[in-house]
Novice: 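The structure's right below; bear with me while I get my questions together.
So that the names make sense, note that chain A is the first sequence line, chain B the second, and so on, each numbered from 1.
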Amino acid sequence: MEPVLILDKISFKYEDAWILQDVTLRTYEGEILGVLGPNGSGKSTLLKVMDGALRPQQGEVLLGNRPLASLSRIDVARQIAMVAQENYFRFAFSVLEIVLMGRFPHLRRLQFEGDKDVEIALNALRATGTLHLSERSIHEISGGEKQRVLLARTLAQEPRAVLLDEPTSFLDLKHKREVFRLISSLSGERKLGVVLVSHDIDLIARYSHRIVMMKDGVILHLGSPEEILTPENIEAVYECPVLVDTNPATGKPRVSLRG
Amino acid sequence: MIKAIKKPLTLSRVIWISVGLCLCLIGVSLASLFVGTAEISLSKAVGLVTGALPPDDPARLILLKIRLPRVALAAMVGFGLSLGGVVFQALLRNPLADPFILGVSSGAAFGAILGIFFGFTFSLGVPFLAFAGALFTVYLVLAIGSRRMGMESSSILLTGVIVNAFFTAIIMFFISTAGDSRLHAMLYWLYGDLSQSRFGPLALLAPVVAAASVVLFGYAKDLNLLTAGEENAYQLGVDVEKTKKVCLITVSLMIGLTVSLSGLIGFVGLILPHLARMAFGSDHRLLIPAASLGGAVFLIAADTLARTILSPSELPVGVITAFMGAPFFIFLLKTRGSQWSRS
């Protein structure tokens, strides 16, 4: 598998406080990398460093074989798509218009979207099961639909890496499952290197190929779900007693609070 | 059954709607030229165009020297204010934003009222001081409102409100100490006055407004993405800091110059962007030309009313824009619904 993003001994600080320290990590095509860790452990900062929005003071991020810092904003956006935690659309754009915004980095300043761009957007809507919403206003659709539309925009961007910051935080169980399944199948089909930050340990366990466990800006554990999700690791990171067994249906680790 | 997909915005749609609005603009301009306190017959108007009208006929003077520059100024001011409003509402993601929000208005008013107070002329001294005041306050707001991390919308907005309040206090001081004749001139300026228009300043304003609209149209797609948040826009490839800087400075320069020649005409820059959004959707590639041309049409019509409704005396045009515009807008809001998020 080809590496997509390579983080080499990254450290990042705001003011005088180090948020990330000595983080070394690779993401690969077609792989979902789950990121777990308590609030304030540096997960979102990690995603922003991977996206180039924050420049680490130490270490280097490579996209393919080029330093991320040497690429222009639009070059980065052609290869990395990110869905932020909160997405609030002030204006009533239609779903199709929102997805076409994913074509922005591929168009020149005054260029309008052509047939090819519309085709790509429609395919993205189809792939995420949101084609029937294309004419609706972004304000009229539900939270689960909105997350799928944002994934469609991400696909229309045709990136190599997709960074998702808690894409299911406001969704119910059914929609959480739907979004995770969608991410999983898209990452396989389109060879996307996905980095997925979430507090849903069970869903991360079910759908990630590898898991990074962070605390206080440091990577404590990195490996397969089975290797990482042990009671000792989770109790040390989250500071609460847990029970870990195997989900009989999926064979993946299952984490429950113990008392 | 698969529903036919509505085509997204195309260049030809933008062009056709712009051409349509340009035709409206020409129609309103012509109508406005021939309406006024002095009756001008159609034959004289035709004579002016064909050259049959004698050079010393008063109709020639009224049409060319008084009404034409006034209509042209109304068009440019309406165009500029709406353009500034559209861009600021997107940039600051705030439906209450108008082109005056960064303190341009109070700064310009401070300069103008200082000029009137000390008896400067309306042809040079007052507009010059108004322009200087506008630039000074915008500089002040951007300097105070910017942080080390870049320009943050809410801190810029807050700073603008505070700077506005401060200069309004100074303006009130001058107004309360001014004598009768100057008081009238000051109030007229504060409510917008297009009657002082001459061709000289227009030759300066026209290229500035034209250049600003070209620059801002170039950022239309960036503004679309910015309305969904700066983080979002950045991730999709927008150079957010550069876009904000270029747009803020372009709008401020244009509005500063506009206001220095027209006084404070409220409402146009707030409402026309909303009307255009209701009619044409949220895409700034259509919104920018549509709102700007709509603003020009609207202000010509409002100014025509301002100078005819109490003929032979006149009202400040700002009175008309607010008095007619507000109920009309409420009617549209009730019947069509705002294009702003309801959540």
Novice: For B/R13, I'd like to know if atom CZ has over 12 heavy atoms of other residues, nucleotides or ligands within 6.0 Å.
Specialist: no
Novice: So, using side chain to side chain contact (heavy atoms under 4.5 Å, CB included) as the criterion, who are the partners of A/S184 when residues are at least two apart?
Specialist: A/I32, A/Y207
Novice: Of the backbone (N, CA, C, O) and the side chain (C-beta and beyond), which part of A/L163 lies under 4.5 Å from a heavy atom of chain B, both, or neither?
Specialist: neither
Novice: Just by modelled atom types, is the A/V179 backbone N or O under 3.5 Å from a matching donor or acceptor in the A/Q147 side chain?
Specialist: no
Novice: Is any residue of residues 231-238 of chain B within less than 4.5 Å of chain A by heavy atoms, and which ones?
Specialist: B/E231, B/N232, B/Y234, B/Q235, B/L236, B/G237, B/V238
Novice: Taking the six-membered ring of A/F12 (Phe, Tyr or Trp), confirm whether the NZ or CZ of A/R55 is under 6.0 Å from its centre and within 45° of its axis.
Specialist: no
Novice: Tell me if a side-chain donor or acceptor on A/R78 pairs with a main-chain N or O of A/P105 at a distance below 3.5 Å.
Specialist: yes
Novice: Could you give the distance from CD1 (A/I98) to CG (B/N224), rounded to the nearest 0.5 Å?
Specialist: 9.5 Å
Novice: What verdict does the side-chain hydrogen bond (donor to acceptor under 3.5 Å, both in side chains) test give for A/R90 and B/Q89, after you've listed the backbone C-alpha separation in whole Å, the side-chain angles of each residue and the deciding distance to 0.1 Å?
Specialist: CA-CA 10 Å; A/R90 256 295 166 74; B/Q89 286 174 5; over 6 Å; no
Novice: Is the closest basic N to carboxylate O distance between A/K48 and A/D51 below 4.0 Å?
Specialist: no
Novice: Using non-hydrogen atoms and a limit below 4.5 Å, what part of residues 152-162 of chain A faces chain B?
Specialist: A/R153, A/Q157
Novice: So which residue, A/D117, A/I74, A/V83, ends up with the most heavy-atom pairs under 4.5 Å with chain B?
Specialist: A/I74
Novice: Given the side-chain rings of A/H175 and A/F170, with only the six-membered ring counted for Trp, is the space between their centroids under 6.0 Å?
Specialist: no
Novice: Could you pull out all residues at least two apart from A/R109 that satisfy side chain to side chain contact (heavy atoms under 4.5 Å, CB included)?
Specialist: B/Y219, B/D222
